[in-house]
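For the single chain, residues carry numbers from 1 onward in sequence order. Read the numbers this way: they start at 1 and go in the same order the structure lists the ligands and their atoms.
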Amino acid sequence: MAIDIQLFEQGVCRENTGCVKWDRRENVFGKADVIPMWIADMDFAAPACVTDAIIARTNQGAFGYCSEDPADKQAVIDWMKTRHGVELAADDILFSPGVIDSMVTAIGALGAEGDSIAMFTPVYGPFYGSTKKNNMVIKGCPMIQDGSRWSMDLNALEEIFKEGTKLLLLCNPHNPVGRIWTRDELEALVKLTRKYGVTIISDEIHADLEMPGYKNTSILNIDPDAIVFISATKTFNLAALKHSSVLIKNEEIREKVKAEFARRGNGGINMFGRLAQTAAYQGGAEWLDALLEYIAGTRDAAVEFLKKELPKVQVAELQGTYLMWLDFRYLGMEHEELKKLMIEKASVGFSSGTDFGELGQGFMRMNIATPRKNVMQALKQLKEALG
Ligand SMILES: Cc1ncc(COP(=O)(O)O)c(C=O)c1O
């Protein structure tokens, strides 16, 4: 059955549901009526196959401890094969509540206190936090900006590796600059990590969110020794159900990560998270294709508006994710002043660029996974605020 685009045009009202994005605006922005375009979830209902699975279990009524079912891993195997061309065996998959929990644990499994970890910056804030939680040292490798396109600086990365760094946190696709790395870029990266004996920990939570014309390459298709995190939560709007998968083909590395999960006491499975993920992977492909088309349309409308009305705002080319990275540095404002302008004058709640590190000064991240009318209204308010 074709997906009705009205599902995305109308979205769902999430106010007064304890929803972080809408109901915590006063706490986060000091203003309860900003248009919320920050935290990375969507104002759309998950596919019907997911809600049906949850309702069926709810009607049964027993919510005792649950374990995984072989169908859960098979759903991951099939999804990764058909959507991303990754071949997995059931043993390669571990379930965990969330990608960031997994990242903290995997770093702890492979590194020791005082070790350093490389990452391309600016990057999703918890990359820094996961490193610090393990008492390790952040080695930021600033990306190169060429107009609307951002790329890896492999020369700078090599200098970091020469100093002895043995772990690299990769964001694939990259949040916040919206890059889907090309296969060539990833191959060049892996050539370098192999040369210096560096292990790649790749966060692929946004991998399904590919804009038309772009295909994400899982690092596992280039480096079978990498650790990869995926999740249906970002793709199908299930973040509060807390369930994700860690993919590790290398047995020795997998055993270390498993032991670290056990040592940290992270165990058990969220029954609804498990059911939702399996249902989404088994039956959500058509919904996802319709979502991606809708988001690409919103991106195009936003880019056109900005080009015409605010041509000095530099917009990073959105290839993957639903998060647009906007460069306001032409205004020459202090970052705090820029933040204030966005909230108080434009009444828009963007993610502040500095949530992604110091290099985010002068930038804002705009989440466009909301009905298009909200995005266009936010841009209109932005234009009025910037005069
Ligand atoms: C790159 C990236 N990794 C991880 C997460 C969060 O994942 P989880 O909720 O599974 O910890 C996000 C959420 O925005 C993200 O953008």
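- Here the heavy atom of the protein found nearest to atom 9 (O) of ligand 1 is K242 NZ, 4.4 Å.
- Protein heavy atom in closest approach to atom 8 (P) of ligand 1: V99 N, 3.5 Å.
- For the residue pair D225 / N250, a side-chain donor-acceptor distance below 3.5 Å is found, with atom types taken as modelled.
- The aromatic ring centres of W287 and F8 sit less than 6.0 Å apart.
- Defined by atom type and a distance below 3.5 Å, a donor-acceptor pair is present between the side-chain atoms of T278 and D72.
- For ligand 1, none of its N or O atoms has an N or O atom of D101 under 3.5 Å away.
- The aromatic rings of F29 and W38 lie perpendicular to each other, with more than 60° between the two planes, well past the 30° mark.
- Note on ligand 1: M103 sits outside its first shell, no heavy atom being nearer than 4.0 Å.
- If you check the side chains of T217 and R183, you find no donor sitting under 3.5 Å from an acceptor.
- Under the 4.0 angstrom criterion for non-hydrogen atoms, C171 is in contact with ligand 1.
- If you look at I100 next to ligand 1, the close heavy atoms, those under 4.0 Å, come from the backbone and the side chain alike.
- Atoms of ligand 1 found under 4.0 Å from any heavy atom of A40 (numbered from 1 in listed order, with element): 14 (O).
- A side-chain donor-acceptor contact under 3.5 Å links K31 and S347.
- Distance from atom 6 (C) of ligand 1 to its nearest protein heavy atom, with residue and atom name: Y124 OH, 3.4 Å.
- F356 and F363 have their aromatic ring centers separated by at least 6.0 angstrom.
- For ligand 1, the atoms sitting less than 4.0 Å from at least one non-hydrogen atom of K234 are 12 (C), 13 (C), 14 (O), numbered in the order shown with element in parentheses.
- Closest protein heavy atom to atom 7 (O) of ligand 1: I205 CD1, 3.4 Å.
- Distances below 4.0 Å separate heavy atoms of H206 from the following atoms of ligand 1: 1 (C), 15 (C), 16 (O).
- In terms of protein heavy atoms, atom 3 (N) of ligand 1 is closest to D203 OD2, 2.5 Å.
- For E9 and K373, the salt-bridge test fails: no basic side-chain N is under 4.0 Å from an acidic carboxylate O.
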